[in-house]
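Beneath this line is the structure, given in structure tokens, with notes to follow.
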There are 2 protein chains.
Amino acid sequence: MLRLSKLTDYAVVVMVRLGRGEAVQTSPCIAAATGVPEPTVAKVLKILAAAGLVASHRGARGGYRLVRPLDAVPIADIIAAIDGPIALTACVDGGTSCEAQGLCPMRGRWDPVNRAVEAALVGITLADMADPALTFAAPAEAAALGPLALPLPALHVAE
Amino acid sequence: MLRLSKLTDYAVVVMVRLGRGEAVQTSPCIAAATGVPEPTVAKVLKILAAAGLVASHRGARGGYRLVRPLDAVPIADIIAAIDGPIALTACVDGGTSCEAQGLCPMRGRWDPVNRAVEAALVGITLADMADPALTFAAPAEAAALGPLALPLPALHVAE
DNA sequence: CGAAATCAGGACCGTTGCGGTCCCCTTATC
DNA sequence: GATAAGGGGACCGCAACGGTCCTGATTTCG
């Protein structure tokens with residue numbers, strides 16, 4: 001399905017959350033605010049920190065903060081940080097050894113596709129994804145919306 | 001990784017092969033010509049036939065043939081046929097039930113990303129991937145950029 | 001100076017989905 | 001009727017991912 005990992009989804013949630021409220025936030029705090037399990041939030045933040053997308057501060061009163069504002073972070077960066085470099089197939093970039101090296105008719109043929117996809121992903125920033133009015137429903141509001149309502153009649157689908 | 005399945009890669013190889021040589025070809029024949037294992041070729045062709053991308057003819061002297069010429073088959077169709085609809089995350093298209101339904105802050109937020117990616121993939125046809133000489137870029141900007149530019153400064157915003 | 005808070009970095013499993021193969025049935029040609 | 005070919009599954013092993021937890025390093029605060 002061309003699916004990207006769930007962690008990436010969480011990463012976007014976490015990043016957007018970091019873009020609001022306090023400048024420095026701890027992972028338990030973010031977990032509480034987003035509803036994402038705390039260990040997972042911690043894991044995501046570690047990865048994002050390693051990728052340089054967030055800055056960390058250890059010790060008491062530590063936490064994480066954004067390095068760049070949301071509108072300067074293309075979604076492609078998040079995907080690259082979590083899922084690795086954007087590469088649709090294994091045999092891209094000419095480095096890997098496609099077993100059927102000699103007769104593989106697709107050598108390098110996917111590169112333009114990769115570039116087109118990457119270009120599309122570079123053109124969308126986290127700010128674009130965070131924009132809408134509702135943005136965050138903290139657990140409290142969520143409860144207010146109803147426990148498990150939402151038959152989900154395909155709203156939001158801007159099309 | 002944003003990786004798409006290997007089967008999709010094979011599908012492209014097979015489709016391109018179908019676009020050359022005999023109009024009707026059998027799966028063993030295609031397997032021999034491409035180097036892809038025969039059972040896998042057969043599997044791919046069955047899927048492509050179910051998706052209407054190739055037409056099959058049973059019985060002796062049967063085989064497969066293209067329904068549309070290569071330049072009328074966007075790569076997006078192949079991906080959709082093999083990997084399912086293009087949907088980066090699970091919570092798209094409003095059908096699936098995100099467990100944290102009420103408080104998921106990302107509801108519908110991935111839609112523009114999906115559409116951008118899909119647009120990029122619709123703009124590339126199998127003919128583009130089959131023609132060795134042609135290094136095409138993404139749809140609209142490609143013409144503006146010139147024949148084979150795109151060392152990837154990467155910026156075509158999706159809107 | 002000690003205690004608490006917080007991140008860093010792995011190790012560790014269960015599940016899932018995918019890649020790949022095989023089998024039997026139906027259909028069409030010869 | 002014999003044979004060639006696709007149709008539609010079932011089946012299994014593996015790798016990758018999601019998710020959790022533990023131990024250690026670092027900083028602040030009492």
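First the proteins, then the strands, lettered A, B, ... as listed; each starts at 1. FYI, side chains are in, hydrogens and waters are out, and symmetry mates aren't considered; it's all heavy atoms of this structure.
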Report the residue (A:Thr8 or A:Arg61) whose heavy-atom-nearest nucleotide on DNA chain D is the more 5′ of the two.
-> A:Thr8
If you look at every strand shown and take non-hydrogen atoms under 4.0 Å, does B:Leu7 touch a base, only sugar-phosphate, or nothing?
-> sugar-phosphate
From C:dA8, D:dG19, C:dG19, pick the nucleotide closest to the side chain of A:Tyr10?
-> D:dG19
Closest to the A:Arg58 side chain: D:dT20, D:dT26, D:dG7?
-> D:dT26
Rounded distance in Å - CD (B:Glu38) to P (D:dG7) | 13 Å
Give a yes/no answer on whether the side chain of B:Ser56 brings an N or O atom under 4.0 Å of OP1 or OP2 in D:dG7.
-> yes
Polar pair under 3.5 Å, donor/acceptor by atom type, side chain B:Lys46, base D:dG6 = no
Considering all heavy atoms of both residues, which atom of B:Leu121 and which atom of B:Pro74 are nearest to each other, and what is their separation?
-> O-CB, 4.0 Å
About how many Å separate CG of A:Leu70 and CG of A:Leu18, when rounded to the nearest 0.5 Å?
-> 8.5 Å
Which nucleotide in the set C:dA8, D:dG7, C:dT21 lies at the smallest distance from any side-chain heavy atom of A:Tyr64?
-> C:dA8
Do you know which of A:Leu45, A:Ile47, A:Leu126, A:Leu48 makes side-chain contact (heavy atoms from CB on, under 4.5 Å) with A:Leu53?
-> A:Leu48
Just how far, in rounded Å, is P of D:dG7 from CG of B:Leu48?
-> 11 Å
Contact nearer the 5' end of DNA chain D, comparing B:Gly63 with A:Ala60 | B:Gly63
Output yes when at least one side-chain N/O atom of B:Thr40 is less than 4.0 Å from OP1 or OP2 of C:dG19, else no.
-> no
Between A:Val54 and A:Leu66, does a side chain to side chain contact (heavy atoms under 4.5 Å, CB included) hold up when you go through it step by step?
-> CA-CA 5 Å; A:Val54 302; A:Leu66 290 180; 4.3 Å; yes
Between A:Lys43 and A:His57, the residue closer to the 5' end of DNA chain C by nearest nucleotide is A:His57
May I have the distance from B:Ile30 (atom CD1) to D:dA4 (atom P), rounded to whole angstrom?
-> 19 Å
Roughly, in whole Å, what's the span from CD1 in B:Ile82 to P in C:dG17?
-> 18 Å
Nearest-Å distance, CG (B:Asp83) to C1' (C:dG19)?
-> 12 Å
Winner on side-chain proximity to A:Thr26, out of D:dG18, C:dA8, C:dT6, is C:dT6
Value rounded to 0.5 Å, distance of OG1 in B:Thr26 from CZ in B:Arg61 | 11.0 Å
State whether B:Ser27 places a side-chain N or O below 4.0 Å from either non-bridging phosphate oxygen (OP1 or OP2) of D:dG6.
-> yes
For A:Leu53 and C:dC7, what is the distance between atoms CG and C1' respectively, to the nearest whole Å?
-> 17 Å
Send over the distance from A:Leu4 CG to D:dG18 P, rounded to a whole Å.
-> 10 Å
D:dG6 P sits how many Å from B:Gln25 CD, rounded?
-> 11 Å
